[in-house]
> 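Before I ask anything, here is the structure I am working with.
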Amino acid sequence: MTQPTANSESSDITFNHTTPSLNSFAPRLLDWFAENGRHDLPWQQHQTDTPNPYVVWLSEVMLQQTQVTTVLPYFARFMDTFPTVQDLAAADWDLVAEHWAGLGYYARARNLHKGAKQLVEIIDETRGFPQTLSGWEAISGVGPSTAGAIMAMGLHRYGVICDGNVKRVLTRWAAIDGDITKSATTKELWALAERLTPVDDSRLFAQAMMDMGATLCTRSKPACLLCPLKDDCLAHAEGRETDYPVKAKKQPKPSKFSDALLIESLDHDMLWLQRPDNGIWGGLWSLPLQFVEKVTGKITGKSQNTANDTPLDVRSNEKVYETEFTTAEQIINEWLTENKLVAESISSTLLDDDPIKHSLTHFHWYLTPRKLTVDAAQMNELSEKLAAAEITFKWLTEQKAQDSLGLPRAMEKLIER
DNA sequence: GTCCAGCGTA
DNA sequence: TACGCTGGAC
């Protein structure tokens, strides 16, 4: 999806409002923002005078997935450790991962790190940050929405944003009832956002729209009485604010089950593995996991027709083995199988049959912590097998792992047990 | 406890 | 179009 280019006369698109309504949208919004908007967010502070593309880029990438209050401490820590894009580009990945740990969607941290390197290269060549929409869209992790935000707020140039907040405001104001996950609706919303964005004030307009969506035009219980757009908001006129935006129904999530192995040395160090770059928790660190094949289904006799009643696909062990284990975990699995005593001791030293539940985008994950103590010889043997396969691993206490590794939330939950 | 938002990439 | 994570809303 490409953001439409500036064209205020897009004659092939019709809008649900009259020209006076369309034209007065921005002035009403900007008046409200001047009075009631947030102007003190840390990534806004330098913007009244000198544009700072780095802080806007960094904050926008964080805000792609996360609410303002959650982002604040992460942003502060990033700026503290990586005050410039050059600092970020020069940093080791593990340090970046540690700073991002807990925010989720770790591919974005990898793209951020990669993007920093790309930006430094561009800056070295051109003596400055990219100055165009397409220039920013070429940076890893920057799509049309983030690029528009950076153009407007990071460079003080013309830029249009159409993120989730904007889409909520606009679908309500214009009673747009198309599914916003469909490309036709996306196109319609971008066209409306562009029609409403004032060419010479797109920076404040973008900030105002995000503030509106975040504080007034919220998903549930919108504060319509305080809204500068209520007089011609088509959803409000019908009392149907919360019917927008329209989205396709979600698929029920399947469940997966894994054991999380706390393989502990006699010195109380545990084995930690760095996960592959792609897939879940890419580039972060995790306890070794062992996929457990289980038929899901309600054991209680209720006959509710929920997702849990649907059996998992019957797959061969070989298929499961390939898709559910990382290389490191396959090696560990083989090592455990070869050493039957060890394998037995896992099940016999069961710590807690109560799994932690961790829900991801497309499935629920039940992780059961299982403890296993290895002697020095076993520790060496396992380490050698992992090293031979060029697996990145560390033996660290829980405390040291928490302090020095990028751990996903699920690992924090597990070791708190 | 369960549901939901959020944007970019492969 | 499938997929990625978590906190907050309900």
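Just so you know, these numbers use all the heavy atoms, side chains as well, and skip hydrogens, waters and symmetry mates. Residue numbering restarts at 1 for every chain, and letters A, B, ... go by the order of the sequence lines.
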> Quick one: which of C/dT6, C/dA2, C/dG8 gets closest to the side chain of A/H362?
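Shortest atom-to-atom distance from the side chain points to C/dA2.
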> Mind calculating the distance between NZ (A/K357) and P (C/dG7) to the nearest angstrom?
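Distance, rounded to whole Å: 16 Å.
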> At 4.0 Å (heavy atoms only), tell me whether A/K167 reaches a base, stays on the sugar-phosphate, or touches nothing.
nothing
> Starting at atom CG of A/D277, determine the distance to atom P of C/dG4, rounded to an integer number of angstrom.
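In whole Å, C/dG4 P lies 15 Å from A/D277 CG.
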> Nearest whole angstrom, please: distance from the P of C/dG4 to the CG of A/N111.
15 Å
> Under 4.0 angstrom, heavy atoms only, what part of the nucleic acid is A/R108 near: base, sugar-phosphate, or nothing?
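Here A/R108 touches the bases of the nucleic acid.
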> Quick test of your reading: applying salt bridge (Lys or Arg N to Asp or Glu O under 4.0 Å), list the pairs with at least one residue in residues 68-88 of chain A, sequence neighbours left out, ordered by first then second residue.
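Those involving residues 68-88 of chain A are A/R77-A/E98.
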> What is the separation between atom CG on A/L63 and atom P on C/dG7, rounded to the nearest whole Å?
16 Å
> Within this structure, what is the CG-CG distance for the pair A/L271 and A/L386, rounded to the nearest 0.5 Å?
6.0 Å
> Tell me whether the side-chain N/O atoms of A/Y106 come closer than 4.0 Å to OP1 or OP2 in C/dT6.
yes
> Quickly work out the A/I356 CD1 to C/dT6 P distance and round it to whole Å.
10 Å
> Listed by chain and number, what are the ring-ring contact (aromatic ring centres under 6.0 Å, His included) partners of A/F82, not counting sequence neighbours?
A/F78, A/H99
> Please check the phosphate of C/dC5 (OP1 and OP2 only) for any side-chain N or O of A/H358 closer than 4.0 Å.
no
> Starting at atom CG of A/L72, determine the distance to atom P of C/dG7, rounded to an integer number of angstrom.
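These atoms are roughly 15 Å apart.
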> By salt bridge (charged side-chain N to carboxylate O under 4.0 Å, His left out), which residues pair with A/R168, not counting sequence neighbours?
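Testing A/R168 for salt bridge (charged side-chain N to carboxylate O under 4.0 Å, His left out), a comparison that skips the adjacent residues, returns none.
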> Would you indicate what A/D163 reaches in the nucleic acid, counting non-hydrogen atoms under 4.0 angstrom: base, sugar-phosphate, or nothing?
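Counting heavy atoms under 4.0 Å across all strands, the contact made by A/D163 is with sugar-phosphate only.
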> Tell me whether the centres of the aromatic rings in A/F75 and A/W43 are closer together than 6.0 Å.
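Aromatic pair counts; centres sit under 6.0 Å.
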> Classify the nucleic acid contact of A/R110 as base, sugar-phosphate or nothing, counting any heavy atom under 4.0 Å across all strands shown.
nothing
> Please give, in whole Å, the distance from C/dA9 P to A/K221 NZ?
10 Å
> A/T361 near the nucleic acid: base, sugar-phosphate alone, or nothing, with a heavy-atom cut-off under 4.0 Å?
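If one applies the 4.0 Å heavy-atom cut-off, A/T361 turns out to touch a base.
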> In this structure, how many angstroms lie between the P atom of C/dG4 and the CH2 atom of A/W281, rounded?
11 Å
> Enumerate, atom names and distances included, each donor-acceptor pair closer than 3.5 Å involving a side-chain atom of residues 25-37 of chain A, sequence neighbours excluded.
residue	atom	partner	partner atom	Å
A/R28	NE	A/S24	O	3.1
A/R28	NE	A/S24	OG	3.2
A/R28	NH1	A/D232	OD1	2.9
A/R28	NH2	A/S21	O	3.3
A/R28	NH2	A/S24	OG	3.1
A/R28	NH2	A/D232	OD2	2.9
A/N36	ND2	A/W32	O	3.2

> What is the 5' to 3' range of DNA chain B, first to last nucleotide, that sits under 4.0 Å from any heavy atom of chain A?
B/dT2 to B/dT9
> Contact class for A/V142 (heavy atom, under 4.0 Å): base, sugar-phosphate, or nothing?
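Counting heavy atoms under 4.0 Å across all strands, the contact made by A/V142 is with sugar-phosphate only.
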> I need the full list of salt bridge (Lys or Arg N to Asp or Glu O under 4.0 Å) pairs touching residues 144-160 of chain A, with sequence neighbours left out, sorted by first then second residue.
none
> Is the terminal nitrogen or CZ of A/K256 (NZ for Lys, CZ for Arg) located under 6.0 angstrom from the six-membered ring centre of A/F363 and within 45° of that ring's axis?
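Judged by the rule, A/K256 and A/F363 form a cation-pi pair.
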> Answer with base, sugar-phosphate or nothing: what part of the nucleic acid does A/I280 contact at a heavy-atom distance below 4.0 Å?
sugar-phosphate
> Closest-nucleotide mapping onto DNA chain B: is A/I139 or A/T66 further toward the 5' terminus? I mean the 5' end.
A/T66
> Mapping A/Q65 and A/T181 to their closest nucleotides on DNA chain C, which lands nearer the 5' end?
A/T181
> Just to be sure I understand the rule, does A/T146 reach a base, reach only the sugar-phosphate, or reach nothing, if contact means heavy atoms closer than 4.0 Å?
sugar-phosphate
> Identify, between A/R219 and A/S140, the residue whose nearest nucleotide on DNA chain B lies closer to the 5' end.
A/R219
